[in-house]
Participant: 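Would you mind keeping the following structure in view while I ask a few things?
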Amino acid sequence: MAAARDADRAARLADHAAYFDGLLALIPSKYYLHKEADEDTLAWSKYYRNRAMKAPKQLTKEASKSGKRTKFEEASRSIADLQAEEAAAAAE
């Protein structure tokens, strides 16, 4: 009795596996298999859009920060340093 039940279970399992394989055969593989994407495809993908557009923004931010940094470094120099630089420039 138990052997018949196990055989019936194995037969049902094989039927279900065959049915599932048949369903997968109906779906084109491009929908469930991952293909490697090149860099151009990623640049225009809606999920990677910020990544592609981030580079120009990042460059302008860095340029702005470095400009501000140099401006504040010039403002934070002491008067003695500025006078020494002016004297060295005048001596040349």
Side-chain angles (χ1 to χ4, degrees):
M1 181 111 163
R5 202 173 9 183
D6 290 340
D8 186 41
R9 231 183 256 159
R12 282 189 295 149
L13 189 61
D15 288 341
H16 289 300
Y19 179 74
F20 188 73
D21 290 339
L23 285 177
L24 280 180
L26 295 175
I27 302 170
S29 63
K30 68 179 181 178
Y31 293 119
Y32 62 89
L33 289 180
H34 178 71
K35 72 174 189 176
E36 294 296 323
D38 57 344
E39 198 63 33
D40 295 334
T41 306
L42 289 178
W44 292 105
S45 172
K46 71 177 185 178
Y47 299 110
Y48 287 88
R49 187 171 183 100
N50 288 338
R51 181 188 207 187
M53 302 300 181
K54 191 179 232 183
K57 285 183 181 178
Q58 188 67 24
L59 292 175
T60 56
K61 283 182 180 180
E62 289 174 359
S64 174
K65 284 182 181 179
S66 67
K68 287 179 183 177
R69 191 174 299 125
T70 57
K71 181 176 82 172
F72 288 125
E73 285 175 357
E74 289 175 4
S76 66
R77 287 190 292 177
S78 67
I79 293 178
D81 292 336
L82 291 174
Q83 288 176 344
E85 287 177 9
E86 288 177 7
E92 294 177 359

Participant: Name all residues meeting the side chain to side chain contact (heavy atoms under 4.5 Å, CB included) criterion together with E86; count only those two or more places apart in sequence or in a different chain, and write none if there are none.
Facilitator: none
Participant: Apply salt bridge (charged side-chain N to carboxylate O under 4.0 Å, His left out) to R12 and list each qualifying residue two or more places apart in sequence or on a separate chain.
Facilitator: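 By the salt bridge (charged side-chain N to carboxylate O under 4.0 Å, His left out) rule, R12 matches D8.
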Participant: Apply side chain to side chain contact (heavy atoms under 4.5 Å, CB included) to K68 and list each qualifying residue two or more places apart in sequence or on a separate chain.
Facilitator: S64, F72
